[in-house]
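This report concerns only the one structure given below.
Every heavy atom of this structure was used, including side-chain atoms; hydrogens, water molecules and symmetry mates were not. Letters A, B, ... mirror the listed sequences (proteins, then strands); counts begin at 1.
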Amino acid sequence: MKYDFSNIEKKWQQFWAGTGTFKAENNSEKQKFYVLDMFPYPSGAGLHVGHPLGYIASDIYARYKRHMGFNVLHPMGYDSFGLPAEQYAIQTGQHPKNTTEINIEGCLDREGNILSKYVNEDGSIENEALVDTSRIVTIKDGNYHDNIIKGYRRQLDQLGFSFDWSREIRTSDPKYYKWTQWIFIQLFNSWYNSDSDKAEPIEDLVPIFEKDGNANVNAVCDDDTPNFSAEEWGAFSSKEKQEKLLKYRLTYLADADVNWCPALGTVLANDEIVNGVSERGGHPVVRKKMTQWMMRITAYAQRLLDGLEKIDWPQPLKDSQRNWIGRSEGASVSFRVLPWVPSAGGKTRSPQGMGSFPDESPLNYGESFETRLKADLAIEVFTTRPDTIFGVSFMTLAPEHEQVSKITTTEHKAEVETYIEATAKRSERDRMADVKTITGAFTGAYAEHPFTKEPIPIWIGDYVLAGYGTGAVMSVPCGDQRDYDFAKHFGIDIPNIFEGIDISEEAFADKEKTVIANSDFLNGLPYKKAVKKAIAELETLGQGEGRINYRLRDAVFSRQRYWGEPFPVYYVDGMPQMIADEHLPIKLPEVEKYLPTETGEPPLGNATEWSWDTNRNEVVSNENRVVSNGNVIPNGSGERSRSTVEGQTVSNGVYPLELNTMPGWAGSSQYFNRYMDPHNDDEIFSQEAINYWQDVDLYIGGSEHATGHLLYSRFWQKFMFDKGLVPVDEYAKKLINQGMITGTSAFLLRLKYEFYILDSTYSNKEVEAVFSEIVSTKQIFVSFGIKNALEESEGPKEFQKLRESLDGFATGMKGIILEKLPNMDVRFELESEDFYNPIHADISLINSSNELDIQAFKNWRPEYQDAIFILEDGEIYHGNSLPPAEGRGGGFIVSREVEKMSKSKYNVVNPDDIVKEYGADSLRMYEMFLGPLEQSKPWNTAGITGVHSFLKKLWKLYHSGLNNEFKVTGPTTLPTEESEKGNSPSMTSEAHKKEQGREQTEINEPSAESLKTLHKTIKKVEEDIENFSFNTSVSTFMICVNELTAQKCSSWEILEPLAILVSPYAPHIAEELWEKLGHSESIATAPFPKFEEKYLVESSKEYPISFNGKTRFTMELPLELDKRQIEEAVMAHEKTQQQLDGRTPKKVIVVPGKIVNIVG
RNA sequence: GCUCGAGUGGUGGAAUUGGUAGACACGCCGGACUUAAAAUCCUGUGACCAUCUGGUCGUGCGGGUUCAAGUCCCGCCUCGAGUACCA
């Protein structure tokens, strides 16, 4: 029997789906094990070979754990809200719900028409779970078809994953996002108590406010939260009370400086911006003030940091989370702004000083100088180096700092305003790109040094960021390079406060070597002591305190998009109200257009049925939103929907709903818990389920989510933990980042050439028209070797054949030109440097020798129909004759380069093609064999033949004879109920027949050699899986099968356990062999073979004998020999004497069981 | 700039605690089978020298520790990832 992988794989995939082999139970005697993959966004492009890498690894681990007797939860679902479906909807009008469904289930053409769930080539519809991949039309036929969406589900199914699909969830399913909305409400109803260091119910705050005001409440709240007494609280209106409470809630509305992406029409979170442009699409991002829902993740900054200690996550990922949270210890210091300006003769109070602070400066927002004096204006800074406070020689504020306008003097007003305007114009990106240029402006104002009471000039400069700390710094030029450069540039003093350090060239920032000088009470102190002392003195003065600062910002939670979770929020008098739990989910409304409204509202502003009826508790038409005079309230313009019109409020209890939707990370922040009880409509999950499954034991996914999903989901988990909903505050014990599988792009090298006009009577216009036509249609591509020749010979003139070809080309071109512009004299030339442009070619047009199928390329890219190809041997191929034979040395070779696998780079390898040609088991094993899981590595299809022939050899081990019949000898004892514990012991009649067939064959004991091979394989494979070293266990299997084949092993005692060993990697072939071995139950839960040391015990060792560390020969010696006996035996060996050549060794090192080294 | 990671044959990669460097595969060379090709099987394959036995060199570079270094230590170079005026 041949190894018919195609039918075997289909058979078992249907068997697993039909019998629910991998369905996990929520209560079990067995120990639980939860293996989770990051769920995919179902894009229309489908899977490429890079996507399944992590899924294969997690599947191997999940299957291994089942063999080890665990109750394994291994679920899969879809992160199905997201931008691409929405962008597609904007372009085509297709509802994202439909495109998403189709991306998962399959089949949609390029025009956006739904073909059907599954379509055959003849147009007939098939509703089978598995569609023959041969029906998928691909580029292989020479024509470029790419219009059939294969469907994520089918692509996943064909790889044989052991997912429990009965638990599938989709974030865009209202049954699922009901609970995303529910968590949002829980966050809204909570505040963070810094004393108990946890989230607590917001209603607990009200009695406190009623009794004592907010003075004694130690909470993480908005910076601008005002202080109020119990009396003031009592006097607040209901709206004012709501406003105050909003400042404490864990999700709150705020006018925030947000990253607005005009091209996408939405705000983006910090982690969605890379290098100043949007992560998706690379569009520019600008700062803009908008009212947005925010998540108070900063309340959890310290706990998110501490939590990293107890989870087994990759170090780089932890580092990047630590970096993102950005904890720094230091002090906050308050500098009082002086109401006078120092004069040459010393400090001078007004009236002179008064003159410098005009009352009517437009920068002062109408505040008089008197007001400022009363306000006791002070600037607060954060510093990590309070020890250097005596080195302060100026202060710098961010240009956006709100106090800039209040302190700037008349003389400096113009300069400061110009500067602020200039920096505001610079985009974030420009500012980042240009760090070298030092810019700034003096405000004219001075602050007072807390200790010396000396005046300190206050500057503004864009090297100080508004978003970090307080947006102001105390500048210590001797201890900070940026302050140093700024001071040097503007000629500000650079006092030295370090003992024995030369600061004439650069600042000195080495904390460890610091000894403070010229600093009053800090003199002679090292860094740490000086910091402590400085903080203590500041506290005494009441002008500072120790402070921990975090870089982490609260996360923006609003998106101006359609395809996301709607908020369960409506507005009464501009204040947000939560919809009661029992009315969830609030489903996404239908809209006609997916773009923002004409008034600039988010897409939900287009919905006509998007109002909340507080009497009927349901979403109703906006028509119902009427005021007392009967007018309907329109949707407002701006971020918050209007619930008033001309002073009149809604009178009938129908209010506008929130128009924003939630960001992509909302749904992915709770899915791992929901899998535990995914169909529960009464609770987010039952306590039984969460207490049984607890947390994820192994989480596999990409490192690109380090500061997005993986941080936000930890935050939500900690919140849920505070609420007592989950038993642990870190949801994933171990996380592995799988590396990227990169693609090998193919490039055609297009020569850059030019014509020079030597003599012409034509106008520039006429010439240009002809030239541009030629240049756009007549392209020259050169084969890779030609490019090398061009480069190595410092120009084309050295390469004779090419020269001739180009001459031919030039003559041809000249002919065309002369036809249209007779008598013109032109010269053809290549650009001398950088003389080619690389053009991507689809890799399916390239054969294994890197030769391009030129005709297929031209069919794919009609614009190159007239292009000319200079082949590897220098010949010209014009395309009007037959293309050169492949593989004969005269082909057209493309240049190859490793890049990220992506549709736009035409370097995608589709797993469907691989599965069709080699089978899923081959693909699974090959992806593992490529290299370490966590490492990024290039895909090379050629290598798959190695693992494929391994599987064929494995198959052959179980088969022999003329017809390759299944033949395994033994077992000496037939499987009994005991030996198949955990499986059903009953055997089918078919299996019995096989039993009998086996009994008729000879029964022989497995050889010691085979047992040794088996057991060393068991040992290695078990260790490898535990260490996630999947690539080495594939090698081990190869060695094992090679050895057993050489041993002609056909023993049941060897081959039965071998099937189990292989099963996590190649489950289909393992199931098939398992069945042939007489089992009627799936191999999935068969106990993993037990390693027994006794089969590996050796009596002798092949000792390497080395001389001065270099191995010269080996010799076999019994293991029971001691050092002396070994030495004697080695010294007696004739080769030893030969090596020594009469010398006496100085020393002989003997490590029993390992090595002998003779020195001398 | 800072942080982290990595440099091993033509290629992907092995070498888990310092102990025979290059496992296992791909590719390539040669051979068998075949009219031929494919498939399959066998042999060889780090470089250099040598007819062979064998020898010299060899894990980015330079040094060191050690009987012994891909592995440990010091200094450098290159590449990759993340981060970027974080006070």
Side-chain angles (χ1 to χ4, degrees), chain A residues 274-276 314-320 322-324 326-328 330 381-386 388 396 398 431-436 438 461-465 467-476 479-483 485-486 509 549-552 703-704 706-707 737 739-740 848 925-926 929-932 934-950 952-953 956 1020 1023-1024 1026-1027 1029 1031-1040 1042 1102-1114 1138 1145-1151 1153-1160:
Chain A
V274 178
N275 293 327
Q315 199 53 43
L317 194 141
K318 285 188 182 184
D319 288 347
S320 91
R322 281 201 187 97
N323 190 282
W324 194 260
R327 181 187 205 266
S328 45
V381 302
F382 172 76
T383 177
T384 54
R385 298 293 305 272
T388 63
T396 316
R431 213 163 137 171
M432 268 161 40
D434 181 24
V435 183
K436 294 266 139 54
I438 296 159
D462 70 358
Y463 82 94
V464 177
L465 303 176
Y468 183 74
T470 62
V473 299
M474 58 176 226
S475 304
V476 184
D480 183 291
Q481 195 57 43
R482 290 156 304 168
D483 295 343
D485 295 339
F486 195 86
N549 194 51
Y550 298 93
R551 199 184 78 117
L552 185 70
S703 58
E704 67 273 18
T707 52
N737 292 130
M740 195 178 22
S848 58
M925 287 207 114
Y926 186 52
F929 187 60
L930 274 176
E934 296 179 78
Q935 193 175 302
S936 127
K937 56 242 161 190
W939 175 267
N940 172 16
T941 305
I944 200 170
T945 54
V947 288
H948 188 63
S949 58
F950 156 75
K952 283 195 269 191
K953 279 186 222 162
K956 273 177 79 176
K1020 177 87 172 116
E1023 284 168 1
D1024 283 347
E1026 297 282 3
N1027 293 320
S1029 176
N1031 55 327
T1032 50
S1033 39
V1034 177
S1035 303
T1036 306
F1037 286 134
M1038 289 173 170
I1039 294 166
C1040 174
N1042 287 346
E1102 184 94 357
Y1103 278 93
I1105 313 301
S1106 56
F1107 293 81
N1108 296 317
K1110 280 171 194 155
T1111 307
R1112 294 302 173 195
F1113 62 93
T1114 59
Q1138 203 179 314
K1146 282 193 195 125
K1147 210 177 184 184
V1148 178
I1149 311 281
V1150 178
V1151 184
K1154 287 232 159 135
I1155 200 167
V1156 177
N1157 190 16
I1158 298 162
V1159 187

Could you tell me whether [X] contacts a base, only the sugar-phosphate backbone, or nothing, with contacts defined as non-hydrogen atoms closer than 4.0 Å?
X: A:Pro932; answer: sugar-phosphate
X: A:Asp319; answer: sugar-phosphate
X: A:Asn737; answer: nothing
X: A:Asn549; answer: nothing
X: A:Gln481; answer: nothing
X: A:Val1159; answer: sugar-phosphate
X: A:Ser475; answer: nothing
X: A:Asn1027; answer: nothing
X: A:Arg322; answer: nothing

If [N] has a Watson-Crick or G-U wobble mate with both distances under 3.5 Å, name it; if not, just say none.
N: B:G18; value: none
N: B:A87; value: none
N: B:A23; value: none
N: B:A69; value: none
N: B:C79; value: B:G5
N: B:U56; value: B:A47

Could you give the [atom1]-to-[atom2] distance, from [X] to [N], as a whole number of Å?
X: A:Lys1154; N: B:U71; atom1: NZ; atom2: C1'; answer: 13 Å
X: A:Leu317; N: B:U83; atom1: CG; atom2: C1'; answer: 14 Å
X: A:Gln315; N: B:G82; atom1: CD; atom2: P; answer: 17 Å
X: A:Lys956; N: B:U40; atom1: NZ; atom2: P; answer: 10 Å
X: A:Lys937; N: B:U11; atom1: NZ; atom2: P; answer: 19 Å
X: A:Asn323; N: B:U83; atom1: CG; atom2: C1'; answer: 6 Å
X: A:Phe950; N: B:C41; atom1: CZ; atom2: P; answer: 14 Å
X: A:Arg327; N: B:A87; atom1: CZ; atom2: P; answer: 13 Å

Should the side chain of A:Lys1020 and the base of B:U16 be counted as holding a donor-acceptor pair, with the cut-off at 3.5 Å? yes
Parallel, tilted or perpendicular, as decided by the 30° and 60° cut-offs, for the rings of A:Phe1107 and A:Phe1113: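 If you compare the ring of A:Phe1113 with that of A:Phe1107, the planes turn out tilted.
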Between A:Tyr463 and A:Phe486, what is the ring plane arrangement, given parallel below 30°, perpendicular above 60°, and tilted in between?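 It falls in the tilted class, 30° to 60°.
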In terms of the nearest nucleotide of RNA chain B, which residue is placed more toward the 5' end: A:Ile1155 or A:Arg385? A:Ile1155
Whichever of A:Tyr1103 and A:Glu1023 has its nearest RNA chain B nucleotide further upstream toward 5': A:Glu1023
Grab the two heavy atoms, one from A:Ser328 and one from A:Thr384, that are nearest each other, plus how far apart they are.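 The answer is CB-CG2, 3.9 Å.
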How close do A:Phe929 and A:Val1034 get, counting heavy atoms only, and between which atoms?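 Minimum heavy-atom contact is CD1-CG1, 3.6 Å.
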Between [M] and [N] - [atom1] atom distance, rounded Å:
N: B:G44; M: B:G54; atom1: P; value: 16 Å
N: B:U66; M: B:C72; atom1: C1'; value: 10 Å
N: B:G22; M: B:C76; atom1: P; value: 33 Å
N: B:G12; M: B:G63; atom1: P; value: 28 Å
N: B:U56; M: B:A38; atom1: P; value: 43 Å
N: B:G46; M: B:A25; atom1: P; value: 15 Å
N: B:A69; M: B:G62; atom1: C1'; value: 16 Å
N: B:G7; M: B:G13; atom1: C1'; value: 13 Å

Rounded distance (nearest 0.5 Å) linking atom NZ of A:Lys937 with atom CG of A:Asn1031: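 Rounded to the nearest 0.5 Å, the NZ-CG separation comes out at 7.5 Å.
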Under 4.5 Å between any side-chain heavy atoms of A:Tyr468 and A:Asn549, yes or no? yes
Looking at side-chain heavy atoms only, is the closest gap between A:Leu930 and A:Trp939 below 4.5 Å? yes
Have a look at A:Ser1106 and tell me which of A:Ile1158, A:Val1156, A:Asn1157, A:Ile1149 forms a side-chain contact (heavy atoms from CB on, under 4.5 Å) with it.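 The residue from A:Ile1158, A:Val1156, A:Asn1157, A:Ile1149 that satisfies side-chain contact (heavy atoms from CB on, under 4.5 Å) with A:Ser1106 turns out to be A:Asn1157.
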